[in-house]
J.: 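Below is a structure I'd like to ask you about.
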Amino acid sequence: MQTTTLMKHALRNLLRSRRRTLSTLCAIIVGAIGILLFAGYNQSIEYSLQTTFVRDKGHLQIQQRDYLLHGTSNPALYSIHNYQQIVDILIRDPVLKKMIAVTTPVLSLTGLAGHYAVGTSRPVLIYGTEAVGQAQLDKWDEYQIGADLIVRKPLTGTQPEAALIGRGLARLLLLCDFVKDQPCAPPPSRENNASALPDDLLALSQSARDTRPPATGSHIELLAASAAGAPNIIRVNVLGTQPQQARELDDTVVSLHLRQAQQLLFGQETPGVTAILLQLHSTREMEAARARLRQIFANKLSGEPLAVYDFTQLQPLYNQVLAMFGKIFSFLLALILCIALFTVGNTMNMAVMERTVEIGTLRAVGLKRGDIQRLFLSEGALLGAIGAVSGVLIALALAWLINRSGMTWQPPGVTSPLPIRISIWGEWRMLASVTGTLLLVTVLSSWWPARRASRVSIVEALRHI
């Protein structure tokens with residue numbers, strides 16, 4: 001039997017039992033919609049996370065080889081001091097310069113922030129960057145997410161002592177002018193036990209107050225251990241707050257100019273950085289860029305103890321979140337496919353029982369067992385194709401509506417809500433795999449009923465006349 005004739009007969013047979021066919025199609029369509037919407041949501045989460053981390057940390061980071069092991073406790077010892085020479089080598093490399101969009105150094109250290117005008121202080125994470133480079137990092141938008149994610153305020157064009165801090169840190173330091181929409185009040189006053197201090201410490205404290213008057217207004221002081229091990233202090237002017245995705249960072253981050261951070265950590269010694277950030281034009285080029293960097297480390301920079309890490313290594317949360325949603329999607333996919341399998345199988349079994357006489361007649365006029373089996377398989381395949389295509393079209397329409405609805409959700413640990421986005425259009429591989437999977441499941445669920453139909457005895461079938 002020719003394919004065209006076979007499909008015509010299959011369509012005619014499906015239309016004979018329209019109610020049963022419609023209910024089966026609805027099950028397949030609903031399953032396709034559920035799979036595609038959740039898969040599109042997973043894809044959107046991956047794009048959003050990737051964009052957030054790449055804007056913040058770049059695709060790749062060059063660090064001193066042992067920085068990840070010991071550098072956070074002693075950033076001065078595990079810094080890169082000739083970083084400008086390394087940057088020049090990278091941007092002149094004929095292979096890397098085609099891949100790299102931004103190259104910028106950063107310095108990360110821990111310290112104390114004090115707003116001594118009101119007597120508050122707190123441990124902080126100090127993040128020194130080049131303002132121009134940081135502004136360029138924030139422009140990366142490979143997946144056209146736009147301004148849906150939190151965009152940092154740039155320090156470009158500000159004074160050298162300018163700084164931005166997290167909203168939570170502003171509240172904790174009682175910089176209430178920056179958090180007027182949140183409760184911001186000093187804690188209950190405590191008894192002053194200064195008189196109980198030894199005479200020498202009391203004299204030293206009074207001397208420090210006389211020589212360095214306390215900060216006022218939006219000025220805060222940052223304290224950190226310098227490269228020589230002695231404490232070092234700088235004063236910065238807080239220009240505003242910088243929202244952070246995670247609440248822990250929002251309560252601790254201080255962003256300032258790289259030169260100020262270097263002055264705090266290195267003082268008069270040779271300054272360095274803790275990392276050189278490389279942001280690529282496309283994430284697909286990450287492995288090629290990493291391989292080229294290792295070649296440069298082995299040749300032109302063989303005397304430097306350098307290592308390169310990608311953002312997934314520096315941010316384990318990325319793979320953890322994707323793995324969690326991937327397992328949820330796998331469970332949902334298995335559940336929907338099982339429902340489709342049993343629904344289509346039940347429909348085809350009922351068709352075989354109702355058409356026993358027809359099967360016997362077709363066999364009597366010369367159709368072979370293989371022809372009967374292909375006829376029922378064609379009906380299952382046609383059900384799967386119509387249901388999958390209809391599900392794809394409806395899912396695209398629903399995704400379009402959801403993306404423009406303005407709905408948001410707030411993940412755990414995140415300080416502000418994020419928009420809900422469904423990425424289906426343009427994800428051709430995902431669309432093809434979902435359509436193909438549903439088609440395969442419907443064909444497989446039709447196989448056993450089709451096999452039963454092909455093995456019906458002609459004599460036994462015609463007895464039902």
Side-chain angles (χ1 to χ4, degrees), residues 56-57 67 70-79 105-131 134 150 152-155 158-179 182-184 186-187 208 212 214-227 229-267 271-275 277 314-315 413-416:
D56 187 39
K57 303 295 184 184
Y67 176 78
H70 313 291
T72 53
S73 60
N74 194 347
L77 182 61
Y78 296 94
S79 294
V106 297
L107 177 60
S108 178
L109 66 150
T110 56
L112 288 174
H115 186 202
Y116 297 114
V118 294
T120 59
S121 62
R122 176 174 176 79
V124 292
L125 172 63
I126 302 167
Y127 197 65
T129 62
E130 289 184 342
Q134 197 67 53
I150 292 177
R152 291 170 292 194
K153 298 178 181 177
L155 285 168
T158 59
Q159 296 297 320
E161 68 275 8
L164 296 169
I165 64 176
R167 285 173 57 82
L169 181 59
R171 177 177 52 81
L172 294 170
L173 293 179
L174 299 182
L175 292 167
C176 299
D177 290 340
F178 299 114
V179 285
Q182 296 183 9
C184 182
R212 192 179 185 89
T216 59
S218 60
H219 287 81
I220 63 173
E221 290 183 322
L222 301 177
L223 168 68
S226 65
N232 196 12
I233 297 177
I234 64 170
R235 180 171 292 171
V236 296
N237 181 27
V238 178
L239 297 183
T241 58
Q242 175 59 68
Q244 304 291 325
Q245 293 284 7
R247 193 174 302 278
E248 292 79 7
L249 288 177
D250 201 51
D251 290 346
T252 56
V253 163
V254 177
S255 300
L256 63 159
H257 290 282
L258 178 62
R259 294 299 181 190
Q260 286 290 94
Q262 289 175 331
Q263 180 184 346
L264 178 62
L265 182 60
F266 298 100
V273 296
T274 51
L277 273 58
L314 298 172
Q315 295 285 356
V414 174
T415 58
S416 58

J.: How close do L125 and S108 get, heavy atom to heavy atom, and via which atoms?
T.: CD1-OG, 3.5 Å

J.: Starting at CG of L258, measure out to CD of Q134 and round the result to the nearest 0.5 Å.
T.: 10.5 Å

J.: Could you list the residues that satisfy side-chain contact (heavy atoms from CB on, under 4.5 Å) with L223, not counting sequence neighbours?
T.: L112, P231, I233

J.: As a test of understanding, state which of L264, T274, T72 forms a side-chain contact (heavy atoms from CB on, under 4.5 Å) with L109.
T.: L264

J.: Could you grab the distance from atom CD1 of I220 to atom CG of L169, nearest 0.5 Å is fine?
T.: 6.5 Å

J.: Given 3.5 Å as the limit, does a donor-acceptor pair link the side chain of Q262 with the main chain of V273, or not?
T.: no

J.: Not counting sequence neighbours, which residues clear ring-ring contact (aromatic ring centres under 6.0 Å, His included) with F178? List them please.
T.: none

J.: Using a 4.5 Å cut-off on heavy atoms from C-beta on, say whether the side chain of I234 contacts that of Q263.
T.: yes

J.: If you take all heavy atoms of Y67 and Y78, which pair is closest and at what distance?
T.: CD1-O, 3.6 Å

J.: Can you tell me which residue among L107, L222, L164 is in a side-chain contact (heavy atoms from CB on, under 4.5 Å) with L256?
T.: L222

J.: How close do Y127 and L277 get, heavy atom to heavy atom, and via which atoms?
T.: OH-CD2, 4.2 Å

J.: Going by the salt bridge (Lys or Arg N to Asp or Glu O under 4.0 Å) test, which pairs reach into residues 118-130, not counting sequence neighbours?
T.: none

J.: Please examine the side chains of E161 and R235, heavy atoms only from C-beta on, and report whether any two atoms are closer than 4.5 Å.
T.: no

J.: Under the side-chain contact (heavy atoms from CB on, under 4.5 Å) rule, collect the residues that match up with A76, sequence neighbours excluded.
T.: N74, A227, L265, F266

J.: Could you pull out all residues at least two apart from N237 that satisfy side-chain hydrogen bond (donor to acceptor under 3.5 Å, both in side chains)?
T.: S218

J.: Could you point out which residue of V124, V238, V236, T252 forms a side-chain contact (heavy atoms from CB on, under 4.5 Å) with I165?
T.: V238

J.: Any donor and acceptor pair, going by atom type alone, linking the side chain of D250 with main-chain N or O of R167 inside 3.5 Å?
T.: yes

J.: After noting the C-alpha distance and the side-chain angles of H115 and L175, does the key distance pass the side chain to side chain contact (heavy atoms under 4.5 Å, CB included) rule?
T.: CA-CA 8 Å; H115 186 202; L175 292 167; 3.4 Å; yes

J.: Please list, chain by chain and in numerical order, all residues satisfying side-chain contact (heavy atoms from CB on, under 4.5 Å) with A162, sequence neighbours excluded.
T.: L155, T158, L239, H257

J.: Is it true that a side-chain atom of T120 and a backbone atom of L173 form a donor plus acceptor pair closer than 3.5 Å?
T.: yes

